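Written below as structure tokens is the structure these notes are about.
Naming: A, B, ... by sequence-line order, numbering from 1 per chain. Here the structure is a predicted model, which means the values were calculated and not measured.
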Amino acid sequence: MKIASWNVNSIKVRLVQVLQWLETENPDVLALQELKCESQLFPVEAIQKLGYTYSCVNGQKTYNGVAIISKDKINHIVTPDMDEQHRIISAEINNINIINVYMPNGESTDSPKYQYKLTWLNYFKQYLSEQVKKHKKIIVLGDFNIAPEDQDVHDPLLWNEKVLCSTLERNAFQEMLQLGFIDSFRLFEQPPKSYSWWDYRMLGFRRNAGLRIDHILISQDLKNICQRSSIDKAPRKWERPSDHAPVIVEIMSKN
DNA sequence: ATGGTAGAGGATCTA
């Protein structure tokens, strides 16, 4: 079972790329973030034509918005948002609980948005702690807007204690792991300087000035059946790309 | 001191 996550930064603009990527990579499940569209405007038909019969959307106008599309049946859809910002959608597919998140960015550590992010992270940790009591097989994936370690940052000195890299955010990430999750990417040997997001500005991608802020966490029960975890940089080189690359995990078996 | 780019929506806000 191949499961992927991609912050598309507007599904309306990125639909062409998403369809192209689905055709080449053929994942069973794709979690999308930053749809920037209302749920009823999500392009279900075009996606269904590629065999993704099932989908669930938690959209909103202008900002945020998340969705899960799947070849296999989607059950128990929930959207446990903290407030009016639509950032979470969770569903069960093939007996695995998939929690798709778009975490707040925070803007900068002196911004009120940073305080909002910390509050939101606290809320989400609480939600996860409830989920681990209820389910054994859980995947938490999406745009975390946190680079967990210095090895996930192109220039750790430049980013030292900056938003996305600050100690409080990294602590929150570790506290999520301590609930019983593993950063699937680090289960395997990876190319050095692997990132998932590059700023559109200042030739970020060409300089590989990136951060690894998109993650796929798996619960302990999935560790031994996790086959692969990777970042696909290819779509970032395409015409009119998202600033994020898709991240992928492969789990053995369907049940 | 604050740019640089992209998307939404029609002036800024968010990232």
Side-chain angles (χ1 to χ4, degrees), chain A residues 5-21 31-43 46-47 57-67 81-89 100-121 123-124 141-148 152-155 157-166 168-170 172-173 195-215 231 233-247:
Chain A
S5 167
W6 196 1
N7 178 323
V8 289
N9 185 18
S10 168
I11 188 60
K12 191 182 169 188
V13 172
R14 228 65 66 192
L15 180 61
V16 181
Q17 284 91 328
V18 169
L19 296 176
Q20 177 66 57
W21 192 75
L32 298 160
Q33 303 89 37
E34 270 206 276
L35 304 176
K36 295 185 173 178
C37 84
E38 291 174 290
S39 298
Q40 67 269 27
L41 297 175
F42 186 76
I47 288 166
V57 189
N58 183 18
Q60 72 178 88
K61 205 175 176 179
T62 314
Y63 305 118
N64 312 314
V66 285
D81 290 306
M82 185 180 79
D83 53 27
E84 72 286 345
Q85 298 195 23
H86 293 181
R87 297 179 173 276
I88 314 172
I89 191 163
N100 176 21
V101 283
Y102 171 51
M103 298 192 185
N105 172 285
E107 192 182 30
S108 66
T109 54
D110 58 3
S111 165
K113 293 199 195 76
Y114 181 74
Q115 293 307 318
Y116 176 84
K117 183 178 193 173
L118 296 177
T119 304
W120 193 97
L121 289 171
Y123 168 83
F124 187 68
L141 78 175
D143 178 358
F144 283 57
N145 269 315
I146 302 172
D152 304 310
V153 182
H154 72 99
D155 187 342
L157 276 177
L158 179 70
W159 283 86
N160 182 47
E161 290 302 333
K162 295 282 195 313
V163 75
L164 314 183
C165 302
S166 73
L168 289 175
E169 293 163 89
R170 285 178 169 178
F173 186 87
Y195 311 122
S196 67
W197 168 82
W198 302 261
D199 202 310
Y200 284 123
R201 298 166 289 191
M202 303 191 298
L203 306 170
F205 186 66
R206 250 198 280 176
R207 296 188 293 122
N208 196 28
L211 301 179
R212 193 176 69 93
I213 56 175
D214 300 87
H215 308 293
I231 300 170
K233 282 174 77 167
R236 190 63 176 78
K237 300 168 190 166
W238 294 352
E239 195 90 2
R240 221 180 169 188
S242 167
D243 44 352
H244 295 254
V247 295

Using the P atom as the reference point in each nucleotide, state the distance between dA8(B) and dG3(B) in Å, no decimals. 23 Å
Once you apply a heavy-atom cut-off of 4.0 Å, does Tyr102(A) come out as touching a base, just sugar-phosphate, or nothing? sugar-phosphate
From the list dA8(B), dA6(B), dA15(B), which nucleotide is the closest neighbour of the side chain of Arg14(A)? dA6(B)
Sorted by position of nearest nucleotide on DNA chain B, 5' first, the leading residue of Gln85(A) and Lys12(A) is Lys12(A)
Euclidean distance for P, dA6(B) against dT2(B) (whole angstrom): 23 Å
When rounded to whole Å, the CG to C1' distance for the pair Asn9(A) and dA6(B) reads 6 Å
Arg201(A) vs dA15(B): side-chain N/O to OP1/OP2 distance below 4.0 Å: no
For Trp21(A) together with Trp238(A), are the ring centres under 6.0 Å from each other? no
Yes or no on side-chain contact (heavy atoms from CB on, under 4.5 Å) for Tyr200(A) and Asn9(A), after CA distance, side-chain angles and deciding distance? CA-CA 12 Å; Tyr200(A) 284 123; Asn9(A) 185 18; 3.2 Å; yes
Should Lys61(A) be listed as having a side-chain N or O under 4.0 Å from OP1 or OP2 of dA8(B)? no
More than 12 heavy atoms of other residues, nucleotides or ligands under 6.0 Å from CG of Leu158(A): is that the case? yes
Describe, in one word, how the ring planes of Tyr195(A) and Trp198(A) are oriented to each other, choosing from parallel (under 30°), tilted (30 to 60°) and perpendicular (over 60°). perpendicular
Specify the separation, in whole Å, of atom CG of Asp199(A) and atom P of dG7(B). 13 Å
Would you say dG7(B) has OP1 or OP2 under 4.0 Å from some side-chain N or O of Arg240(A)? yes
How long is the line joining CD of Gln17(A) and P of dG7(B), in whole Å? 9 Å
Separation of dA15(B) P from Trp120(A) CH2 (nearest whole Å): 12 Å
Would you mind reading off the distance between Asn145(A) atom CG and dA15(B) atom P, rounded to a whole angstrom? 8 Å
If you measure from the P atom in dG9(B) to the same atom in dG4(B), how many Å do you get, rounded? 25 Å
Is Arg87(A) touching bases, backbone alone, or none of the nucleic acid, heavy atoms closer than 4.0 Å? sugar-phosphate
Between CG of Leu203(A) and P of dG4(B) the distance, given in whole Å, is 13 Å
Position toward the 5' end of DNA chain B (nearest nucleotide), Asn7(A) or Val13(A): Val13(A)
With the side chain of Tyr63(A) defined as its heavy atoms from C-beta on, choose the nearest nucleotide among dT14(B), dA8(B), dA15(B). dT14(B)
Can you tell me how the ring of His244(A) sits relative to the ring of Trp197(A), calling it parallel under 30°, perpendicular over 60° and tilted otherwise? tilted
Would you say the side-chain atoms of Asn7(A) and Asp214(A) include a donor-acceptor pair closer than 3.5 Å? no
Of the listed nucleotides dG3(B), dA6(B), dA15(B), the one nearest the side chain of Tyr200(A): dA6(B)
What nucleotide among dG7(B), dA15(B), dG4(B) has an atom nearest to a side-chain atom of Met202(A)? dG4(B)
Gap in Å between the two P atoms, one belonging to dA11(B) and one to dA1(B), rounded: 30 Å
Nearest-Å distance, CD (Glu239(A)) to P (dG7(B))? 11 Å
How close or far is atom C1' of dT14(B) from atom NZ of Lys36(A), stated in whole angstroms? 7 Å
